[in-house]
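The figures that follow rest on heavy atoms only: side chains count, while hydrogens, waters and symmetry mates do not. A note on names: the letters A, B, ... follow the listed sequences, proteins ahead of strands, and every chain is numbered from 1.
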2 protein chains.
Amino acid sequence: MRVSREKAAEHRDRIIDAAGALFRAKGFGGIGVADIMKAADLTHGGFYGHFASKEDLVAQSSRRSMARAAANWTKLVETAPDNPYAALLAHYLSPKHRDDPGKGCAFAALGNDAARSGKIVRKAFAEGLAPLIDILAQSIPGKSKAARRRKAVAAMATLVGALTLARAVEGTPLSDEMLEAAHHELAAAVRL
Amino acid sequence: MRVSREKAAEHRDRIIDAAGALFRAKGFGGIGVADIMKAADLTHGGFYGHFASKEDLVAQSSRRSMARAAANWTKLVETAPDNPYAALLAHYLSPKHRDDPGKGCAFAALGNDAARSGKIVRKAFAEGLAPLIDILAQSIPGKSKAARRRKAVAAMATLVGALTLARAVEGTPLSDEMLEAAHHELAAAVRL
DNA sequence: ATTATCTATAGATCTATAGATAATGC
DNA sequence: ATTATCTATAGATCTATAGATAATGC
């Protein structure tokens, strides 16, 4: 049953990707090691050869989810050089993003779970958040660097809060209103 | 072991209060029925005489947590008639609020959990969110009623997002910065 | 010989129920 | 007689480990 080192590394990769999607969709506690391994087409017992514990996978898969987000944001910003901030807002606050948490922002999907997790996971979230704020700060209009930074941090809060709340009340009119109001108010900063 | 109807109603009350705090602190899945009953000084088995299921308690305790928040906000607004909006911001975005989720906002503590819950819970969250937005809309400056409403919805997203993220990265410098930046940017609306 | 994966299971925990108990309220 | 609570447990699920298996890589 043994596979080559190359294959093993690929398996490890598949586990991290499967976990990234399943954790965002169901929460850290909402999915078990066995189901993640099944999604990666492996058996339960093989898990502990790749990771020290479930929490180890939580930290690693979260890091990857956040790094992917930063890469996506960078690409999005580059494809809209005239108004990168507007492009980020439209992308983040779309109903499509709201309706597919498994492929979306880790902060909006797992912020509460991270808050209840240990130091290692919270540190991973802090290190994943910083680049997103940097990208926002470079895209956002503002007088000084400090002002742009402050606007970027607050905009990040608005984005994550709006998506979180839109999902929490999904199925009611408040859900769409939340995305639209956040979009309108954040975009107002560009029009100033 | 039977108690009077009055005592039974009081027990039910205690269960809902204990659940309200424990769910906010540990998440819907992070605490069990047995621990909630222990916190209410009752035994595990008695639970199902009071509630149809754990999800039933989730919905009821969430409703109460949110109704209490609305009552607190109303009181806070009344005690600061000159600048109710500033009072709400200072209260919500305080380190004290961040550091005690069990007594704080249900949306910032359980938004992700609600998003993964069933329709009944999500509807409860929508019905609990509306009054908070109404209070914000009455406190916030703005040209038209529609503008104030939109600002209130977006401000709610910023508040919840900032607290959620501040908790997710708790223990790093970003945590305080998140509270301060959100406070500064939201308060800017008052100074306009 | 080493090791990636598999099967099987230990041990803990969780929701929910069954049946006993004992105090209330008709 | 009714019923609020209790003890005990069924049945499911979850993390983690033990030991077997078989293919890789020295």
- [ ] Say whether A:His184 and B:Arg150, considering side chains only, have a donor N or O and an acceptor N or O under 3.5 Å apart.
- [x] yes
TODO: Write down the distance between CD1 (B:Ile36) and C1' (C:dC14), rounded to a whole number of angstrom.
DONE: 11 Å
Open item on the list: Taking the nucleotide of DNA chain C with the nearest heavy atom to each, does B:Glu55 or A:Ala8 sit closer to the 5' end?
Closed with: A:Ala8
Open item on the list: Both B:Val3 and B:Gly29 contact DNA chain C. Taking the nearest nucleotide for each, which residue is further toward the 5' end?
Closed with: B:Gly29
Task: Whole-Å gap separating P (C:dC6) and CZ (A:Phe47) - done: 14 Å
Open item on the list: Output the rounded distance in Å from CE (B:Met37) to P (C:dT15).
Closed with: 12 Å
Open item on the list: Heavy atoms from C-beta onward define the side chain here; which of C:dT24, C:dG25, C:dA4 lies closest to that of B:Arg2?
Closed with: C:dT24
Task: Of the listed nucleotides D:dT15, D:dC26, C:dG25, the one nearest the side chain of A:Lys54 - done: D:dT15
Open item on the list: Please determine whether a side-chain nitrogen or oxygen atom of A:Tyr48 lies at a distance below 4.0 Å from atom OP1 or OP2 of D:dT17.
Closed with: no
Task: Side-chain donor-acceptor pair present, B:Gln60, B:Asp56, cut-off under 3.5 Å - done: yes
- [ ] Run the salt-bridge test on B:Arg68 and B:Asp17 with the 4.0 Å N-O cut-off and return the result as yes or no.
- [x] yes
Task: B:Leu42 CG to D:dT7 C1', straight-line distance once rounded to whole Å - done: 14 Å
Task: Rounded distance in Å - CG (B:Leu57) to P (C:dT15) - done: 10 Å
Open item on the list: Please pick, from D:dC26, C:dA16, C:dC14, the nucleotide with the shortest atom-to-atom distance to any side-chain atom of B:Ser53.
Closed with: C:dA16
- [ ] Rounded to the nearest angstrom, tell me the gap between atom NZ in B:Lys38 and atom C1' in C:dC14.
- [x] 14 Å
Open item on the list: From NE2 of B:His44 over to P of C:dT15, roughly how many Å is that when rounded to an integer?
Closed with: 7 Å
Task: Ion pair A:Asp134/A:Arg149, N-O distance below 4.0 Å - done: yes
- [ ] Consider the side chain of B:Val33, meaning its heavy atoms from C-beta on, and name the nucleotide among D:dC14, D:dA22, C:dT15 that approaches it most closely.
- [x] C:dT15
Open item on the list: So if I take every side-chain heavy atom of B:Arg5 and compare against C:dC26, D:dG25, C:dC6, which nucleotide ends up nearest?
Closed with: C:dC26
- [ ] Scan B:Thr43 against the nucleic acid and name what it touches under 4.0 Å (heavy atoms): base, sugar-phosphate only, or nothing.
- [x] base
- [ ] Starting from P on C:dA4, measure out to CD on A:Glu10 and report it in whole angstrom.
- [x] 15 Å
TODO: Mind checking A:His50 for me? I need base, sugar-phosphate or nothing, with any heavy atom below 4.0 Å counting as a touch.
DONE: sugar-phosphate
- [ ] Consider only side-chain N and O atoms of B:Arg98 and B:Ser175, and report whether a donor and an acceptor are under 3.5 Å apart.
- [x] yes
Open item on the list: Counting only Watson-Crick pairs (N1-N3 plus N6-O4 or O6-N4) and G-U wobbles (N1-O2, O6-N3), all under 3.5 Å, who is the partner of D:dT24?
Closed with: C:dA1
Open item on the list: Once you apply a heavy-atom cut-off of 4.0 Å, does B:Gly49 come out as touching a base, just sugar-phosphate, or nothing?
Closed with: nothing
